[in-house]
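As the structure is a computational prediction, the values presented were derived from the model and not from experiment.
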Amino acid sequence: YEGGPYDKEDLPEEYRNAMEADPEGFSFPEGESFLDVEKRIKPFFDEIMEKHHGQTILLVAHGSLLSIFRFVANHEPVLVQNRRRLPNAEPIVLTVE
């Protein structure tokens with residue numbers, strides 16, 4: 001929804017209804033849902049864990065992706081209502097066992 005309104009209240013009603021019905025599975029046309037992003041980053045996460053086990057790594061990404069990355073790392077389901085806004089331009093430390 002590039003260039004569209006950011007606040008949910010400003011979205012067309014059809015999008016608001018679809019988001020409420022399936023917050024994790026909703027995607028804008030030609031976009032990704034939170035579940036799509038989870039499927040896309042899971043192999044990347046597994047590769048990092050295999051190649052860099054026990055090491056410290058730096059991952060730079062957008063907040064939504066980092067939030068979903070945290071769910072994957074903690075083996076938690078991607079639940080939009082449990083997402084915490086991540087601060088901009090601040091390091092987030094995630095320890096994975």
Side-chain angles (χ1 to χ4, degrees):
Y1 201 66
E2 198 70 34
Y6 184 76
D7 293 326
K8 281 186 184 178
E9 296 78 32
D10 295 333
L11 292 172
E13 186 175 354
E14 67 183 274
Y15 290 147
R16 288 194 316 266
N17 292 341
M19 288 171 114
E20 289 175 21
D22 186 10
E24 290 81 25
F26 170 80
S27 67
F28 289 102
E30 299 182 38
E32 288 181 296
S33 70
F34 288 104
L35 295 175
D36 292 335
V37 174
E38 177 189 30
K39 288 177 194 168
R40 180 167 54 91
I41 68 169
K42 178 73 168 84
F44 174 67
F45 174 81
D46 292 341
E47 181 181 336
I48 288 172
M49 292 303 297
E50 182 180 322
K51 288 183 177 180
H52 303 285
H53 184 75
Q55 297 176 338
T56 299
I57 63 162
L58 173 67
L59 175 66
V60 180
H62 290 280
S64 290
L65 189 131
L66 289 173
S67 182
I68 293 170
F69 199 87
R70 188 166 41 191
F71 286 119
V72 170
N74 291 324
H75 307 286
E76 297 173 349
V78 174
L79 299 173
V80 173
Q81 65 268 21
N82 289 343
R83 284 182 61 228
R84 293 177 296 252
R85 277 225 181 270
L86 299 176
N88 284 330
E90 289 187 24
I92 310 296
V93 177
L94 178 64
T95 303
V96 181
E97 301 292 325

(request) Starting at OG1 of T95, measure out to CG of N74 and round the result to the nearest 0.5 Å. (result) 10.0 Å
(message) For F69 and I48: C-alpha separation, side-chain torsions, deciding distance, then whether side-chain contact (heavy atoms from CB on, under 4.5 Å) applies.
(response) CA-CA 12 Å; F69 199 87; I48 288 172; 4.3 Å; yes
(request) Determine, for K42 against D46, whether the closest basic-nitrogen to carboxylate-oxygen distance falls under 4.0 angstrom. (result) yes
(request) State the CZ-CG distance between F26 and N17, to the nearest 0.5 angstrom. (result) 10.0 Å
(request) Hey, could you give me the CG/CG distance between L59 and L94, rounded to the nearest 0.5 Å? (result) 9.5 Å
(request) Report, as yes or no, whether the 6.0 Å neighbourhood of atom NE2 on H53 holds more than 12 heavy atoms from other residues, nucleotides or ligands. (result) no
(request) Kindly check if the number of other-residue, nucleotide or ligand heavy atoms within 6.0 Å of CD (E50) is above 12? (result) no
(request) Find out whether L11 and F28 are in side-chain contact, i.e. whether some heavy atom of one side chain is under 4.5 Å from a heavy atom of the other. (result) yes
(message) Using side-chain heavy atoms (C-beta onward) and a distance below 4.5 Å, is K51 in contact with I57?
(response) no
(request) Considering non-hydrogen atoms only, spot the tightest contact between F71 and P77 and give its length. (result) CD2-O, 3.4 Å
(request) Look up atom CD in E47 and atom CD1 in I41, then write down how far apart they are to the nearest 0.5 Å. (result) 13.0 Å
(request) Would you name the heavy atoms of V78 and E24 that are closest together and state the gap between them? (result) O-CG, 2.8 Å
(message) Is it true that, when you exclude Q55 itself, more than 12 heavy atoms of the residues, nucleotides or ligands shown sit nearer than 6.0 Å to its CD?
(response) yes
(request) Please report the closest heavy-atom contact between S27 and S33, naming both atoms and the distance. (result) CB-N, 3.4 Å
